Undergrad: 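Please find one structure pasted underneath; my questions will follow.
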Number of protein chains: 2
Amino acid sequence: MAGMATRTTRRSQRRTEALSRERIVGAAVELLDSAGEGGLTFRALAERLSTGSGAIYWHVANKDELLGAATDAVIAGALPAGPGDPAAGPREEIRAVALGLFVAIEEHPWLATQLSAQMARNPWGPVTPRIFERVGRRVRALDVPEENWFTATSVLVHYVLGAAGQNAANTAGARALGPDADRAAFLDSVAKAWEDLDPEDYPLTRAAADQIRDHDDREQFLAGVDLVLAGVMTLRPAAPPS
Amino acid sequence: MAGMATRTTRRSQRRTEALSRERIVGAAVELLDSAGEGGLTFRALAERLSTGSGAIYWHVANKDELLGAATDAVIAGALPAGPGDPAAGPREEIRAVALGLFVAIEEHPWLATQLSAQMARNPWGPVTPRIFERVGRRVRALDVPEENWFTATSVLVHYVLGAAGQNAANTAGARALGPDADRAAFLDSVAKAWEDLDPEDYPLTRAAADQIRDHDDREQFLAGVDLVLAGVMTLRPAAPPS
DNA sequence: ACCTGAACACCGTTCAAGT
DNA sequence: ACCTGAACACCGTTCAAGT
């Protein structure tokens, strides 16, 4: 019965430290990062916090609320408050915010699903306004007519979340291929599958297979952001000075 | 053995009819439509097909594959093959494809999550090429330089899926508010929550609350598509003739 | 007030056994 | 070849009982 342990993976911060919503959310983020969406379990969480699974319910209503709190905690850290860099123009600021979300999702792949879920079924929660405000303010600075703010911001946010999620999935897919496989190997396997499609039905996808093989992910991502920004600029009332 | 039945809610097509992958996928779609993502269960599916839950595994590897097959079946129906309407220009065709996806997701809200999941973690499956090809071909017809096809198509698809998912979630949210509540009531509750935000931190979100209240969903959606298209047009090599 | 941990009502998946 | 249905190893959530 004597635990022969002292494991190096300290799994209980300190069993005397009181449980709190904050500690629970922190442990949930760690679990999501290390074990993925399927790894977050009340039992695993309780073990990591060296408590009973029922105890968590004293601080958190249910798993949905826990996921929402974890999502908001990470986003709040990734999109800090404040007016950003005043030297950069709004376009550069938008690119920076977009890239910030891209990187956050790369570091926490579970964010992609959760952010979409939060914005979709819980738009009154803290996550949606946080992202909307951050992006929308910069869109306004672009001199877009007021009735177009919402459309422009929606397009930007949906694209950013979708593309960043795609990128994170590519990383995850590469890891799943094997520990030695890298991102290029994964994209290559996708390209091969596309090249095997029926030439009759999928000429364009076959032609695009090559492009997917060697592309820089961030560059591609930012090219998409620039495309949206180019569309946004066409909404401005008058021709801008050069 | 004489069934006294002939139930009006025919829940077993005919118990003598052999099980098949096609029947299973069809029943899965019905279950997803009527009971949502949480309603698709091997036990519920087995009951509906009047068979044992284990039998399903003879035709389908696991739940992921079943969800993928259900998603592909619906998308194949919503985006029929063929070159579309040759009379319309590529911009009109892109709007039509986008609206087709929008409507399909409105009718099958579980599609929003599943499409993103399929494109992200299963890009070699049938769903991704189907959508990509349909949209990409029209983008090419816009005379976009070849190296921009992928970016332009990605932006369009990510926006369409994100916005359509948001729309479907609004419909679902309204239903959840109560059987008598409509979409306007739901959006109003979101707007109210946004108006209660801290004016210091969320000036723009508060200002946008009003816009969310009375907006036509399809019109808003198509405005976003047009914004992306405007951005895509800027990629064309030369100034087009009027 | 906060925590424990057994118990409940579910899951997806497997597999010996049937036909 | 195809189907049955009990069994296994999980889940999220509840709740009497403890401190």
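These figures come from a predicted structure and were not determined experimentally. Labels below follow one simple rule: chain letters A, B, ... track the order of the sequence lines, proteins then strands, and each chain is numbered from 1.
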Undergrad: Under the 3.5 angstrom rule, does the side chain of B:Arg121 hit a backbone N or O of A:Ala169 as a donor-acceptor pair?
TA: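 Looks like no, no N/O pair under 3.5 Å.
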Undergrad: Is a salt bridge present between B:Arg183 and B:Asp217, judged by a nitrogen-to-oxygen distance below 4.0 Å?
TA: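 A salt bridge links B:Arg183 with B:Asp217.
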Undergrad: In whole Å, I'd like the distance from the CG atom of B:Asn62 to the P atom of C:dT13.
TA: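 B:Asn62 atom CG is separated from C:dT13 atom P by 5 Å.
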Undergrad: Donor-acceptor pair, distance only, cut-off 3.5 Å: does the side chain of B:Thr128 make one with the backbone of B:Trp124?
TA: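 Checking the backbone N and O of B:Trp124 against the side chain of B:Thr128, no donor-acceptor pair under 3.5 Å is found.
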Undergrad: Before you tell me yes or no, could you show the steps for A:Trp110 and A:Asp33 under side-chain contact (heavy atoms from CB on, under 4.5 Å), namely the whole-Å CA-CA distance, both residues' side-chain angles and the distance that decides it to 0.1 Å?
TA: CA-CA 8 Å; A:Trp110 50 274; A:Asp33 287 345; 2.7 Å; yes
Undergrad: Can A:Arg137 and A:Glu133 be counted as an ion pair, charged N to O under 4.0 angstrom?
TA: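 Salt bridge present between A:Arg137 and A:Glu133.
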Undergrad: Quick one: on DNA chain C, does B:Ala61 or B:Gly38 contact a more 5' nucleotide (nearest heavy atom)?
TA: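 Per heavy-atom nearest nucleotide, the more 5' residue is B:Gly38.
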Undergrad: Taking CD1 from A:Ile24 and P from D:dT13, how many angstroms apart are they, rounded to a whole number?
TA: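 About 13 Å, once rounded to whole Å.
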Undergrad: Using whole Å, what does the distance between atom C1' of nucleotide C:dT13 and atom NZ of B:Lys63 come to?
TA: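 Between C1' of C:dT13 and NZ of B:Lys63: 12 Å.
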Undergrad: Report the relative orientation of the aromatic rings in B:His158 and A:Tyr159; use parallel for angles under 30°, tilted for 30 to 60°, perpendicular for over 60°.
TA: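 Judged by the thresholds at 30° and 60°, the geometry between B:His158 and A:Tyr159 is tilted.
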Undergrad: When the distance from CZ of A:Phe42 to C1' of C:dC11 is rounded to whole Å, what number comes out?
TA: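 Distance check: A:Phe42 CZ to C:dC11 C1' gives 16 Å.
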Undergrad: Kindly express the pairing pattern of DNA chain D in dot-bracket notation, using | wherever a base pairs with another strand and counting only Watson-Crick or G-U pairs under 3.5 Å.
TA: ||.|||||...|||||.||
Undergrad: What protein N or O atoms touch nucleotides 1-3 of chain D N or O atoms at under 3.5 angstrom, if any, and at what distances?
TA:
| residue | atom | partner | partner atom | Å |
| --- | --- | --- | --- | --- |
| D:dC2 | OP2 | B:Trp58 | NE1 | 3.3 |
| D:dC3 | OP1 | B:Leu19 | N | 3.2 |
| D:dC3 | OP2 | B:His59 | NE2 | 3.3 |

Undergrad: Rounded to whole angstrom units, what separation is found between the CD atom of B:Glu47 and the P atom of C:dC10?
TA: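 These atoms are roughly 13 Å apart.
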Undergrad: In Å, rounded to the nearest 0.5 Å, how long is the span from CZ of A:Arg23 to CG of A:Leu45?
TA: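 Between atom CZ of A:Arg23 and atom CG of A:Leu45 there are 10.0 Å.
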Undergrad: Which of these nucleotides, C:dT14, D:dT14, C:dA7, is closest to any side-chain atom of B:Tyr57?
TA: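 That would be C:dT14.
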Undergrad: Tell me the closest heavy-atom pair linking A:Ala98 and A:Val225, and the distance in Å.
TA: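 For A:Ala98 and A:Val225, the tightest heavy-atom pair comes out as CB-CG2, 4.0 Å.
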Undergrad: Which part of the nucleic acid, if any, lies within contact of A:Leu40, taking any heavy atom under 4.0 Å across all strands shown: a base, the sugar-phosphate backbone alone, or nothing?
TA: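 Sugar-phosphate only.
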Undergrad: CZ of B:Arg43 versus P of C:dA9: gap in Å, rounded?
TA: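 Taking CZ of B:Arg43 and P of C:dA9, I get 14 Å after rounding.
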Undergrad: Please check if any side-chain donor atom of B:Asp196 sits under 3.5 Å from a side-chain acceptor atom of B:Trp194, or the reverse.
TA: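 Looking only at side-chain atoms, B:Trp194 and B:Asp196 do not form any donor-acceptor pair under 3.5 Å.
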